[in-house]
2 protein chains.
Amino acid sequence: MVTLSENEIIARIRRQSASGSGELLVGIGDDCAVIDRGNGLAELITTDTLIEGIHFDPAWHNPELLGRKAAAVNLSDVAAMGGRPRYALLSLALPGDFTESWFASFMSGFQAMLADYDTLLIGGDTVKSAGAIAISVTILGEAAAGHLLLRSTARPGDLVMVSGSLGEAAAGLEFCRRGQAGEGNGARQQLIAAHLDPTPEVALGMVLAESGLVSAMMDISDGLATDLAHLCNESGVAAEIDKESLPISGALRDTAEALACDPVAWAISGGEDYRLLFTVPGGHREKLSALVRDQLGRDITVIGRIIEGEGVTLLDGEGRLDISYRGYDHFNQT
Amino acid sequence: MVTLSENEIIARIRRQSASGSGELLVGIGDDCAVIDRGNGLAELITTDTLIEGIHFDPAWHNPELLGRKAAAVNLSDVAAMGGRPRYALLSLALPGDFTESWFASFMSGFQAMLADYDTLLIGGDTVKSAGAIAISVTILGEAAAGHLLLRSTARPGDLVMVSGSLGEAAAGLEFCRRGQAGEGNGARQQLIAAHLDPTPEVALGMVLAESGLVSAMMDISDGLATDLAHLCNESGVAAEIDKESLPISGALRDTAEALACDPVAWAISGGEDYRLLFTVPGGHREKLSALVRDQLGRDITVIGRIIEGEGVTLLDGEGRLDISYRGYDHFNQT
């Protein structure tokens, strides 16, 4: 019996599926598929499934936050291309003994997250599951075709940038796993909230896409090392990351110190940050940072650069480490 | 603890979701959501999930046929509105020990069914499941906005019609459950194939929609009694079905006789026929039948009529029986 990694599965499906041509601008291999709708408008479509026991645990994920997250992780895929989410479909598989209050809370959270991004629930279905809850969400979005940001268009010489800080969600998950979700100070609660209730970067994605200053983009769902490796692979380039530049929040740093853990490991390999990862020609860096600060009051961070070659390398004062795909692979966890 | 039926769940989601207005022509409550794309073109979107142990059993459903069926049941939702399927997204949750050959066969069947209807796989994801296989498919289709057939537009006086025969898939499932999928004569194999490898009525749906002679339509996935009750409920009407008119194939009739079963029960309550159920103003009946015979070489059958009121009634020589929603409800099976 041979099992395949997630990367191998995606590669296989991709070899059998449609690549971008004609009306289909982008097929498998980016955050969303993209269809040309004429008049310069592109439609974005993405679908993702969350499975109980794999992607969430009801022991610490209450139904309202789970509903919010099921919407957020899919909205993030639209944000990842600079799109505006518009419509959602929800396919929910529930065990026979689910409760009415669970369902009401889940839907309340799901709808509230959609409403925050002016996205309407327009369809879906509900089926019985064999035991575990399975939540499949499809989001439709739109963007000006000229403003779409793909994974495949990074170029040597571009800077690698991220929004927000990295690794908080992974640290928060660790506390949940230890049964400590309800404990701890404000710093720890910040990390736990990053895991339980992530925020899709929709507004930032649109500002970055419309700026015309960004060369490639995706969201970070499987961890920086894995997702940047995807972006490099799609673009046919390599990346170097400067360890000292990684944006690690005070909350993560303090918590890691208290536990004698390395916050850099969380920042590189931790999944579910749902931050944006993007590349910017060097000359645009200042202009873009000023634009984002003006429009959203936020900072974006340079963490490295795109170079010729392949793979992702972490640089620190002492040396170089290949960290390509050192992220979270649900099929091959150690 | 209170559990909800599938109907109650859908009603709840619907109360919280967008109804058709503006660009959104149809929200929750029909086979697909529909978005106005301008120039008279409507986009159709549908999503459905199949769960191992609930919707299929690998003991008798080989992966190639399962892949075909996962595509077919979603293509059928586009056919149900008279649309042309265009694009598919697949979200697959697989247990950690799935085999490479299972995956290859599943994808081969899935892609072959899509190819039969000129539908391209453009995206999706693969995740690990907690044990059971879960297959979520999203299909995008299109139709001329003026040719869409909804569930909500049947009127008293219309005839109720169906394509093909009813009940074969339910009978076939029964043989699979008894461990007799590999046994039996040609008639039995026809029933088993109806369950394992259904055919979406895409060409017929388009002919019916473009004819301008049909008032309302849906596909039969949960059984005639349940699905006709949905159509009546959406249209604010009732229906009477003539027992003697139900299209029951020779294969089903012979098999039922040999087993001393009632084929009418399968035809009324059996799920997964994936036939089209539609209503036709009485004066259009002959013209429509001739058109379908000319264009597709197929027969369509009048099984009853739409009347004022609510509910679905079965008429036979002796009396009347309310059969509303006497179909297959995965949450409340007896």
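Here is the naming used below: chain letters follow the sequence lines, and residue numbers restart at 1 for every chain. All of these numbers come straight from a predicted model, not from anything done at the bench.
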**Request:** Just do the side chain to side chain contact (heavy atoms under 4.5 Å, CB included) check on A:Lys128 and B:Ile51 with the steps written out, would you?
**Result:** CA-CA 8 Å; A:Lys128 189 172 174 179; B:Ile51 305 275; over 6 Å; no
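- With rounding to the nearest 0.5 angstrom, the OG atom of B:Ser129 is 12.0 Å from the CD atom of A:Glu52.
- No hydrogens or angles considered: a donor-acceptor pair under 3.5 Å links the side chains of A:Thr138 and B:Thr138.
- For a residue to count as touching a neighbouring chain, one of its non-hydrogen atoms must lie under 4.5 Å from one of that chain's; by this rule B:Ala130 touches chain A with backbone and side chain alike.
- B:Leu50 does not touch chain A: none of its heavy atoms, backbone or side chain, sits under 4.5 Å away.
- Put simply, CG on B:Leu120 and CD1 on A:Ile28 are 10.5 Å apart, with the number rounded to the nearest 0.5 Å.
- To the nearest 0.5 Å, the span separating CZ on A:Arg86 from CD on B:Glu23 amounts to 4.5 Å.
- Distance check, rounded to the nearest 0.5 Å: CD1 of B:Ile122 to CD1 of A:Ile35 gives 4.0 Å.
- Heavy atoms of B:Tyr87 lying under 4.5 Å from chain A belong exclusively to its side chain.
- Each of A:Cys32, A:Ala33, A:Gly131 has some count of heavy-atom pairs under 4.5 Å with chain B, and the biggest count is that of A:Ala33.
- Among the residues in residues 36-48 of chain B, those with a non-hydrogen atom closer than 4.5 angstrom to a non-hydrogen atom of chain A are B:Arg37, B:Glu43, B:Ile45, B:Thr46, B:Thr47, B:Asp48.
- In this structure, OG in A:Ser221 is found 9.5 Å from CG in B:Asp125, a value given to the nearest 0.5 Å.
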